Every structure is written in structure tokens, then in C-alpha cells.
2 protein chains.
Amino acid sequence: MTETERPLRADARRNRERIMVAAGELFARRGREAQMEEIAARAGLGMGTLYRHFPNKQALLTAMVGERFHGMAELARAAEQITDAGDAFETILRNYLEAADGDASFQLALMGSDDLEWERIRQQKAEFAAAVTRIIDRAVASGRVRADLTLADFTLVASGVISTMYFKPGGNADWRRHLQLALDGIRKPGTKGRPQRSGN
Amino acid sequence: MTETERPLRADARRNRERIMVAAGELFARRGREAQMEEIAARAGLGMGTLYRHFPNKQALLTAMVGERFHGMAELARAAEQITDAGDAFETILRNYLEAADGDASFQLALMGSDDLEWERIRQQKAEFAAAVTRIIDRAVASGRVRADLTLADFTLVASGVISTMYFKPGGNADWRRHLQLALDGIRKPGTKGRPQRSGN
DNA sequence: GCGGAAGCGGAACTCCGATTCCTGTTGGCC
DNA sequence: GGCCAACAGGAATCGGAGTTCCGCTTCCGC
């Protein structure tokens, strides 16, 4: 209700979209380092236009991250459909990481660096957490993962792998190896999950 | 040989030490965010003095991190003395992390954020890496850890845990839990290392 | 097709923190 | 005790990135 929700003029809507795209690319590549001027330039717009649509850099960043986070709850819900509890867990973790791959600002957000106004997306975050918790509970009950696994562990491990993405960008070999090590620490001791995937 | 190594005047030596202490505390608490002015103030000195001793902020940061890293090789050598190969590995990993605990700038450096002129300490880094590699080789041979473990994995896992320190500061419960999960992913599948420590 | 509100552009400005520079002070050797 | 190079202090300067301002332009309902 805070938003008066006046329909934007055609050009404004088009420009807003351009900003989102430009900001998305630059924040993804450079994280917070991306500069407002670059973003405006890449969108082919002036500074004034940029600031008409977003009151400041933080708001733009938050909007971008929020958009990226939008799909997460859906992702979790999809993983819940998987019958095998162990697979469900590995899938949500893997997909979560896959979603973070290649987007520096999103990675920072997920690692919890922020001061981002997560307020706006608190609900989606909660939804996601709830789904993951259900998946973990099921996986624990099935005996496919260590008995003491919690939602906090999910965050811990995911953030760890994301830090590899963030600090060792480039080929994705590193973070996938990190994920493999992490999964081996999570599975029920002695259990080898699924037959090893051939590739990575 | 680059340094003319002229003995510093008494007051200069004293002040340099004060700067190191002040910078150490502030960089530890706030990472790069620490400001030169704060550092000078905390050392009870003027800006000019600060800049007389270190040409710029980066140099000061590098010097601090270098000093912190100084003990690392020694740490590794000590761990090598441990008879049990598995224990040696866990000890060096644990001590490495313990050394990073509480120092934000060191954590950033170890995670590889930098642009730090690691040149100056490249040798110590190499020495440390060599010792860790020897420890890992021995642990692998002993069958106490997964057969495919490498030095790169050590870095991966350590950085992951350090990211927990960095992004979830405060109590150390989180990173220790993270370490536990990581160790469980590293130990030879089915092996339970030592009898579980009761506490953490 | 017109009027004017909504939108745009981008130069100018603000802020803040690193760095410099110049004046005053001091340790250490004769 | 006196000299003076080394050193200390800290105000002024510099520079870079975010944000503001305001005259100009464009959409859109009449």
C-alpha cells in the first residue's frame, strides 16, 4: 500500500527495464564495485533517469538482488517434489548454488554481507527457509544425511561454497569441488548417496 | 637489498611500533574499512608520521598481514611433528583457522580477496604450502583422509570456514560447526577420525 | 495538434577518506 | 650546549563516487 502504483509512461517503463538489465549485468560482474555512472551509460541513459527510477544505489542493488531471489522459493518448492529425500536435499543445495553462480552481488547478499534491505524480501526468504527445513527434516528422517543436520548448516555450507565462487571466480571447477567435499561432510557417515555422477 | 636499512632514530622506532599496534587492532576489527585517520589517532600520532612510516594504506595493510602470516610456516612445521598423520592434518587446519579468528583483514587476505602485495611474503606462503602438502600426502598415505585430497582442497575448505568467520562474526560457534562439517567431508569415508570430542 | 505533467540528461555539487606539504620539534653526535 | 638531519603534526589538498538540480524533451489525454 506504500506504493501509489501509478502506471508508468511507456518510455519510463522501457527505461526502467533497461536499467534493470544494465545493473544486473554490471552488479553481477563487479558486485558493489559497479558504478552508477557505468550503469547509466550501459543503459544508454543519463544519471537523472537512473535516479528517477531508484532513489540511490542501495535501492537499485536491493531491487536487483530481490529479483534474483524471487525464484528461490519456487526452486525449493520444486525440490520438495522429489521423492527421494536425499536427492531432494542435494538438489535444492545444488540449485541454490547454481543460481548464485556468476552473480557477484547476489553472492555477497547470500553470504550475508549486507546491510541490504532484506525487509522487502523477508517473506520470500522465510518461505525458502521453511521449504529447506522441511527437506532437511525429511532427509534426516530417511537417514540419508547426518542426524544433526539443520537449516543453519545449509546456510553455513552454502555460504562457504559461495565464498569460493566469489573469491575464486572463473572456471566453475573450484566451487563444484568444494560442493562435493561439503556434501561428503553432510551425508550420513558411511553413506555414499547416489552412485557418483560421472562428470563433475 | 632494496632497503637501505638505516637504523631508525629512537622515537621513530617507538612510533612505528605504536602504528603497528594501532593498525593491527583496527584492521582486525574493521578490515579495510579502518581509516588512516583513526589509526593515527589511536596511535596518538599525526597523519604525517603515519605516512612517514608507510607510504600508503595498502603498504600498511600489507605489512600487518605479513606480520600475521609470519607465524604460519612455523605453525605448519610444528604440526608436522605430530606422529599421527590424521591428527597432524586436523591440527594444521584447526590452527590455521584459529590464527585467522578475530582478524578481519587477515581473513580477507586468506580468502584471497587481494590485490595485497603478497610478493613480500611469497616465500613464507610457499613454505607453508609445502609443509601442508607434506602433511596431506602423509595423511592420504595413512588412509585417514579421502584419497583424492590435495592442497587446493585445504585452501578451499579453509576459505569456506573463514568466510563464516568473516560474515557471521561474534561467537565462534558457527565457524567451529562449519569446520566440523568440513572435516567430516575430508576424512576417509567411513572413518571417524578420533573418538568424537565431547563438546563442539 | 496542444498543453503540461512526466520524464530525461548530464554537468555541478557534496562528501569523505587518502595523501601531501610545509612548519615546528627533537634525538644524537661534535 | 649547539647543530641539523630526521622526525612529528595536522591543516589543506586531491580525487573519486554518489547524489542533486534544473532546463530541455517527450508522451498522452483533450
Side-chain angles (χ1 to χ4, degrees), chain A residues 3-27 29-65 104-105 108 113-117, chain B residues 3-27 29-65 104-105 108 113-117:
Chain A
E3 315 224 334
T4 313
E5 221 28 77
R6 183 150 35 76
L8 290 172
R9 224 169 68 177
D11 53 348
R13 189 155 8 89
R14 189 165 48 244
N15 286 338
R16 187 187 171 86
E17 187 51 35
R18 281 173 154 214
I19 291 171
M20 293 293 261
V21 172
E25 294 177 8
L26 287 173
F27 280 140
R29 169 158 40 268
R30 316 240 317 263
R32 301 188 176 314
E33 307 294 275
Q35 293 166 212
M36 292 302 262
E37 196 167 354
E38 294 178 285
I39 293 172
R42 171 173 265 257
L45 299 170
M47 300 297 289
T49 307
L50 188 45
Y51 277 90
R52 162 170 295 275
H53 288 279
F54 300 91
N56 53 46
K57 186 176 184 175
Q58 186 65 44
L60 177 54
L61 224 190
T62 302
M64 293 309 309
V65 171
S105 64
L108 274 174
S113 127
D114 289 300
D115 49 29
L116 277 181
E117 309 151 11
Chain B
E3 314 225 332
T4 313
E5 220 28 77
R6 180 151 36 79
L8 290 173
R9 223 169 69 176
D11 54 345
R13 190 156 5 89
R14 190 166 45 244
N15 286 338
R16 186 188 172 85
E17 186 53 31
R18 282 174 152 213
I19 291 171
M20 292 294 260
V21 172
E25 294 177 8
L26 287 174
F27 280 140
R29 169 154 43 265
R30 318 238 317 263
R32 301 188 177 313
E33 307 295 273
Q35 292 168 213
M36 293 301 264
E37 195 166 356
E38 293 179 285
I39 293 172
R42 172 173 265 257
L45 299 170
M47 300 297 289
T49 308
L50 188 46
Y51 276 89
R52 162 172 296 277
H53 288 280
F54 299 92
N56 53 47
K57 185 175 185 176
Q58 186 65 43
L60 177 54
L61 224 190
T62 302
M64 293 308 312
V65 172
S105 64
L108 272 176
S113 128
D114 290 300
D115 47 30
L116 276 180
E117 309 152 11

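Owing to the predicted nature of the structure, the values given are computational and were not obtained by experimental measurement. Just so we're on the same page: letters track the sequence lines, and every chain starts at 1.
- One can place CD of Gln58(B) at 15 Å from C1' of dG17(C), the figure rounded to the nearest angstrom.
- Side-chain atoms of Phe27(A) and Leu60(A), non-hydrogen and from C-beta on, do get closer than 4.5 Å to each other.
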For nucleotides 15-17 of chain D, print each protein N/O atom paired with a nucleotide N/O atom at under 3.5 Å, atom names and distance only.
from    : atom 1 : to       : atom 2 : distance (Å)
dA17(D) : OP1    : Gln35(A) : OE1    : 3.3

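- In this structure, Arg52(B) CZ and Leu45(B) CG are separated by 12.0 Å, a value rounded to the nearest 0.5 Å.
- Put simply, the side chain of Lys57(B) never gets that close to the backbone of Gln35(B): no donor and acceptor are under 3.5 Å apart.
- Rounding to the nearest 0.5 Å gives a distance of 6.0 Å between CZ of Arg32(A) and CG of Leu108(A).
- When rounded to the nearest whole Å, the span between CZ of Arg16(A) and P of dG7(C) equals 11 Å.
- Here the P atom of nucleotide dG9(D) and the CG atom of Asn15(B) are 6 Å apart, to the nearest Å.
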Which protein N or O atoms sit under 3.5 Å from an N or O of nucleotides 28-30 of chain D?
from    : atom 1 : to       : atom 2 : distance (Å)
dC28(D) : OP1    : Ala10(A) : N      : 3.0

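- Of the candidate nucleotides dT19(D), dC8(C), dG9(D), dG9(D) has the atom nearest to the side chain of Thr49(B).
- Positionally, the nearest nucleotide of DNA chain D for Glu37(A) lies more toward the 5' end than for the other of Glu37(A) and Gly48(A).
- Rounded to an integer number of Å, the gap from CZ of Arg14(B) to P of dC7(D) is 12 Å.
- Heavy atoms from other residues, nucleotides or ligands lying under 6.0 Å from CD of Glu33(B) number 12 at most.
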List, one per line, each side-chain donor-acceptor pair under 3.5 Å for residues 12-23 of chain B, sequence neighbours excluded.
from     : atom 1 : to       : atom 2 : distance (Å)
Asn15(B) : ND2    : Asp11(B) : O      : 3.3
Arg18(B) : NH1    : Ala43(B) : O      : 3.1

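- Taking atom CZ of Arg52(A) as the reference point, atom C1' of dC22(D) lies 12 Å away to the nearest angstrom.
- Of all heavy-atom pairs spanning Ala40(A) and Met47(A), the tightest one is CB-SD, 4.0 Å.
- The distance between atom OH of Tyr51(A) and atom P of dA11(C), rounded to the nearest whole Å, is 16 Å.
- Between the CZ atom of Phe54(B) and the P atom of dT20(C) there is a distance of 16 Å, given to the nearest Å.
- Nucleotides of DNA chain C nearest to Gly46(A) and Pro55(B) differ in position, and the one nearer the 5' end is that of Gly46(A).
- Separating the CZ atom of Arg18(A) from the P atom of dC8(C) is a distance of 10 Å, rounded to the nearest angstrom.
- The side chain of His53(B) contributes an N or O atom lying less than 4.0 Å from OP1 or OP2 of dA8(D).
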